[in-house]
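We use all heavy atoms of the structure for the numbers below, so side chains are in, but hydrogens, waters and symmetry mates are not.
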Amino acid sequence: MPVTSAQIIREFGGPSVMNWEELELPDPEPNEVQLRHEAVGVNAADTYHRAAISHPWQVPPPPCVIGFEGAGVIEKVGEQVSEFLVGDRVAYGIPPLGSYAERRNYPAEKLLRVPEAVTLKEAASIMMKGMTAHYLLHRTFKVTSQDTIVVHAAAGAMGLLLCQWASSIGATIVGTVSTHEKAELARAAGCDYPVVRSEQAFADVVRDVTAGEGASVVYEAIGKDTMAQSLDCLRPLGVCAAYGHVSGPPDPVDVIQDLGRRGSLFITRPAIMHYVAKRQDLVASGEAVFAAIQNKVIKPNIVRELPIEEAPLAHQLLESGQTVGSTILVNRNF
């Protein structure tokens, strides 16, 4: 049986639990393709999966390979696959996990064809993040030019995409960051009011910007450290879209005290696999992301490329807060 190399996790924990090893790669199942990655995306969700702090159904038991996001070229096609051919340039951004590998098998129904105008590295860096930004801004809460929104981690890979896309819509953006350097990056991406969290209460900024009304929606990616203030900064009937928790899971929310008394707020925990569970929604979301790239609405923001063998380093940098924009892992044997 052919072999490939991948980052194998035999027990959950810190970045060092990933080990670059060979594993057998069977032929694709009838509904699968086998693809060779050019690049793999790195996401905060990958660190949750590596440490097993996400929902159990998202992560297979060890030994396993993590990773949501990848792009490459099809090398083999299962016998029931009709939409794709050997040699096609493809990308994906949803489970099943397993992108931290040189090659892998993947369900054809979850693949997207990459336009020639978009590089495979760009696609690998943006598929999950881009489709997430798309549903957050257009489906979780449909942002308009009349809205003031809050974007946490506004200089991170997701935050920059949200700022760029929301700015193109005409929304007013308050973004939180950890340093003045990151504040300038967020500003360059369209964030109107970057806030360094350690120096200023972002809820106060929102109240000033909105003349006391509050934000329409807050895109909550921090979790424990910011959730209470995120709820404080919303207008009545406002939405908290809690899609990440880099500081740890937030404290429990009291429906009556935390949501009711603040103005009948809504809170949701959106996840990409639910928004693109149907093939037509996946294709529409992917096409929207590719169109946004080609129309210069969003940029992949790739700031660091590392070999897949150095995935532990990528996770160390991500978890230390030393990253801005997107990090990708590249296959040196592509």
From CA spacing to verdict: side-chain hydrogen bond (donor to acceptor under 3.5 Å, both in side chains), N333, E102: CA-CA 8 Å; N333 295 318; E102 290 182 340; 2.7 Å; yes
Check [Y] with [X], please: is the shortest side-chain N to carboxylate O separation under 4.0 Å?
X    : Y    : value
E319 : R50  : yes
E83  : R279 : yes
E213 : R207 : no
K129 : E69  : yes
E32  : K76  : no

Do you know which two heavy atoms are closest between [X] and [Y], and how far apart they sit?
X    : Y    : result
I267 : V253 : CD1-CG2, 4.2 Å
F266 : L237 : CD1-O, 3.7 Å
L161 : N301 : CD2-ND2, 4.1 Å
Q7   : P312 : NE2-CD, 3.9 Å
T144 : D147 : N-OD2, 2.8 Å
A314 : T327 : CB-CG2, 4.3 Å

Between [Y] and [X], is there a side-chain donor-acceptor contact under 3.5 Å, judged purely by atom types and distance?
X    : Y    : result
Y100 : D46  : yes
N331 : E38  : no
Y193 : T172 : no

Measuring only between side-chain heavy atoms, which start at C-beta, is [X] closer than 4.5 Å to [Y]?
X    : Y    : result
V206 : V150 : yes
R103 : H37  : no
V239 : L265 : no
S125 : E305 : no
P63  : I9   : no
V73  : L120 : yes

Could you walk me through whether K299 and E122 pass the salt bridge (charged side-chain N to carboxylate O under 4.0 Å, His left out) test, one step at a time? CA-CA 9 Å; K299 300 176 182 178; E122 289 174 332; over 6 Å; no
Determine whether more than 12 heavy atoms belonging to other residues, nucleotides or ligands lie under 6.0 Å from atom [atom1] of [X].
X    : atom1 : value
Q146 : CD    : no
E11  : CD    : no
I256 : CD1   : no

I'd like to know if [Y] and [X] are part of one continuous hydrophobic network [Ile/Leu/Val/Met/Phe/Trp/Tyr, side-chain heavy atoms within less than 4.5 Å].
X    : Y    : value
I66  : W20  : yes
I126 : V276 : yes
L35  : I328 : no
L317 : I302 : no
M227 : V205 : yes

Would you mind telling me which of I272, V143, L162, V217 makes a side-chain contact (heavy atoms from CB on, under 4.5 Å) with L136?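 Going through the options one by one, the only one that passes is L162.
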Please confirm whether F12 and H49 have ring centers closer than 6.0 angstrom.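 Distance test on ring centres: not under 6.0 Å, no.
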Derivation and outcome, side-chain hydrogen bond (donor to acceptor under 3.5 Å, both in side chains), residues N105 and Q34: CA-CA 4 Å; N105 296 332; Q34 188 170 109; 2.9 Å; yes
State whether F334 and R36 meet the cation-pi test: NZ (Lys) or CZ (Arg) under 6.0 Å from the six-membered ring centroid, and within 45° of the perpendicular axis. yes
Parallel, tilted or perpendicular: rings of Y243 and Y219 (30°, 60°):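 Plane angle over 60°, so perpendicular.
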Using 30° and 60° as the class limits, which term best fits the ring planes of F202 and H152: parallel, tilted or perpendicular?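 Answer is perpendicular, since the angle exceeds 60°.
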Could you walk me through whether R10 and E21 pass salt bridge (charged side-chain N to carboxylate O under 4.0 Å, His left out), step by step? CA-CA 11 Å; R10 301 192 179 279; E21 302 177 21; 2.6 Å; yes
Going through the distances and angles, do H180 and E199 end up as a side-chain hydrogen bond (donor to acceptor under 3.5 Å, both in side chains)? CA-CA 10 Å; H180 288 282; E199 299 180 2; 2.9 Å; yes
Check step by step if side-chain hydrogen bond (donor to acceptor under 3.5 Å, both in side chains) holds for E22 and T4. CA-CA 5 Å; E22 288 189 345; T4 189; over 6 Å; no
Whether Y92 side chain and Y106 backbone form a donor-acceptor pair below 3.5 Å: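 Side chain of Y92 to backbone of Y106: no pair is present.
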